[in-house]
Q: 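I have a structure here, written as structure tokens, and I will follow up with some questions on it.
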Amino acid sequence: MKTSKLIYGLLLALSTLVMVMCNKSKDDSIAPGYRDEVGGGGNPNPNSVTTTGTSTITNPATSNSTLNVGGAGWSFASCGSGNTLMAFNGATTVQINFFAPPSTGSYNLQSGTPTSNSVAQMIVYNAPGQPSGVVWYSASGMISVTTSSAGNVTATFNNIPCTQMQFPFPVVTVSGAMTCI
């Protein structure tokens, strides 16, 4: 009788151990069937936003335009701004950045910040005929700078193609002259 009680007790302990080990713990992670089990199909942690996939950047501008700088309606910043010439007409701003204060000569235009005395960068903000807020950078071209003994600086340029950093099309073509006094 003692052995039968011992066998029954041992079987009971063994079956309890098997039941505990086989009992699945609940897994809250997203897996197939999550929507059906939990419902909603949304993010299970709405306070922890997740991103999946990649987003495609779309170009807000769709057509080429031209911009003539100078003449009626344009105003210019003073020469005290050092390495920069600026022109304003309404919401449109044209800026030419130099590596050092400009002197008489020709400068090659590039899209990035100037890194030597022979290059410059043109930036156009809110070009007419383009969506507002879009910034345009000179892609290539050349400007001619003249200076006077009074400290005046004038930059002239013709058909400078300006594009967005992310998109080579469309193009804003800039011509004209900027000066500071």
Side-chain angles (χ1 to χ4, degrees), residues 30 40-147 151-181:
I30 297 175
N43 185 348
N45 303 311
N47 295 327
S48 176
V49 179
T50 59
T51 304
T52 58
T54 59
S55 61
T56 303
I57 298 173
T58 57
N59 190 349
T62 58
S63 61
N64 294 335
S65 64
T66 59
L67 172 61
N68 292 312
V69 180
W74 286 92
S75 61
F76 304 96
S78 71
C79 290
S81 45
N83 302 356
T84 303
L85 292 177
M86 295 191 71
F88 311 95
N89 187 349
T92 303
T93 301
V94 178
Q95 176 177 330
I96 300 176
N97 298 319
F98 297 91
F99 180 72
S103 58
T104 298
S106 295
Y107 293 81
N108 290 313
L109 289 171
Q110 63 183 26
S111 61
T113 304
T115 56
S116 72
N117 289 331
S118 63
V119 296
Q121 174 195 43
M122 180 182 287
I123 304 174
V124 179
Y125 301 93
N126 297 315
Q130 299 296 340
S132 64
V134 176
V135 181
W136 304 85
Y137 299 89
S138 52
S140 62
M142 184 174 283
I143 62 171
S144 177
V145 173
T146 55
T147 58
N152 298 347
V153 177
T154 301
T156 57
F157 39 90
N158 193 28
N159 296 325
I160 304 300
C162 295
T163 61
Q164 299 167 71
M165 280 293 187
Q166 306 92 333
F167 305 105
F169 175 83
V171 175
V172 173
T173 304
V174 185
S175 297
M178 294 171 58
T179 191
C180 69
I181 7 178

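The chain is numbered in sequence order, starting from 1.
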Q: Between Thr66 and Thr173, does the side chain to side chain donor-acceptor pair (under 3.5 Å) criterion hold? Intermediate values first, please.
A: CA-CA 5 Å; Thr66 59; Thr173 304; over 6 Å; no
Q: Rounded to the nearest 0.5 Å, what separation is found between the CG atom of Asn152 and the OG atom of Ser78?
A: 11.0 Å
Q: So which atom in Met165 and which in Ser111 form the shortest heavy-atom distance, rounded to 0.1 Å?
A: CE-O, 3.6 Å
Q: If you measure from OG on Ser138 to CD1 on Ile123, what distance do you get to the nearest 0.5 Å?
A: 8.0 Å
Q: Specify the closest pair of heavy atoms between Ile160 and Ser140, including all atoms of both residues, with the distance to one decimal.
A: CG2-O, 3.6 Å
Q: What do the steps show when you test Thr113 against Phe99 for side chain to side chain contact (heavy atoms under 4.5 Å, CB included), and what is the final call?
A: CA-CA 8 Å; Thr113 304; Phe99 180 72; over 6 Å; no
Q: Only one of Ser103, Pro101, Cys180 clears side chain to side chain contact (heavy atoms under 4.5 Å, CB included) with Val153; which?
A: Cys180
Q: List the steps, then state whether side chain to side chain donor-acceptor pair (under 3.5 Å) holds for Gln110 with Asn108.
A: CA-CA 7 Å; Gln110 63 183 26; Asn108 290 313; over 6 Å; no
Q: Measure across Pro131 and Pro60 and return the closest heavy-atom pair with its distance rounded to 0.1 Å.
A: CG-O, 3.3 Å
Q: Looking only at heavy atoms, which two atoms of Trp136 and Ala61 are closest? And how far apart?
A: CH2-CB, 3.8 Å
Q: Using the test ring pair (Phe, Tyr, Trp, His ring centres under 6.0 Å), find all partners of Phe98 that sit at least two apart in sequence or belong to another chain.
A: Tyr107
Q: With distance as the sole test, does Gln130 use its side chain to make a donor-acceptor pair with the main-chain N or O of Thr62 at under 3.5 Å?
A: no
Q: Once ring pair (Phe, Tyr, Trp, His ring centres under 6.0 Å) is applied, do any residues pair with Phe157, and if so which ones, sequence neighbours excluded?
A: none
Q: Check Thr156, Ile96, Thr154 against Met178 for a side chain to side chain contact (heavy atoms under 4.5 Å, CB included) and give me the one that passes.
A: Ile96
Q: Given the rule in the side chain to side chain contact (heavy atoms under 4.5 Å, CB included) test, do Tyr137 and Gln164 qualify, once you have shown the distances and angles that lead to the verdict?
A: CA-CA 6 Å; Tyr137 299 89; Gln164 299 167 71; 5.9 Å; no
Q: Taking the side chain as everything from C-beta on, heavy atoms only, tell me whether Thr92 gets closer than 4.5 Å to Trp74.
A: yes
Q: With no hydrogens and no angle check, is any side-chain donor or acceptor of Asn68 less than 3.5 Å from a backbone partner on Gly176?
A: no
Q: Nearest 0.5 Å please: distance from the CG atom of Asn89 over to the OG atom of Ser75.
A: 7.5 Å
Q: Specify the closest pair of heavy atoms between Pro102 and Val145, including all atoms of both residues, with the distance to one decimal.
A: CB-CG1, 4.1 Å
Q: If you measure only the distance, is there a donor-acceptor pair under 3.5 Å linking the side chains of Ser132 and Asn126?
A: no
Q: For the atom pair CE (Met142) and CG (Asn159), what is the distance rounded to the nearest 0.5 Å?
A: 14.0 Å
Q: For residues Thr163 and Pro170, report the shortest heavy-atom separation together with the two atoms involved.
A: CG2-O, 4.1 Å
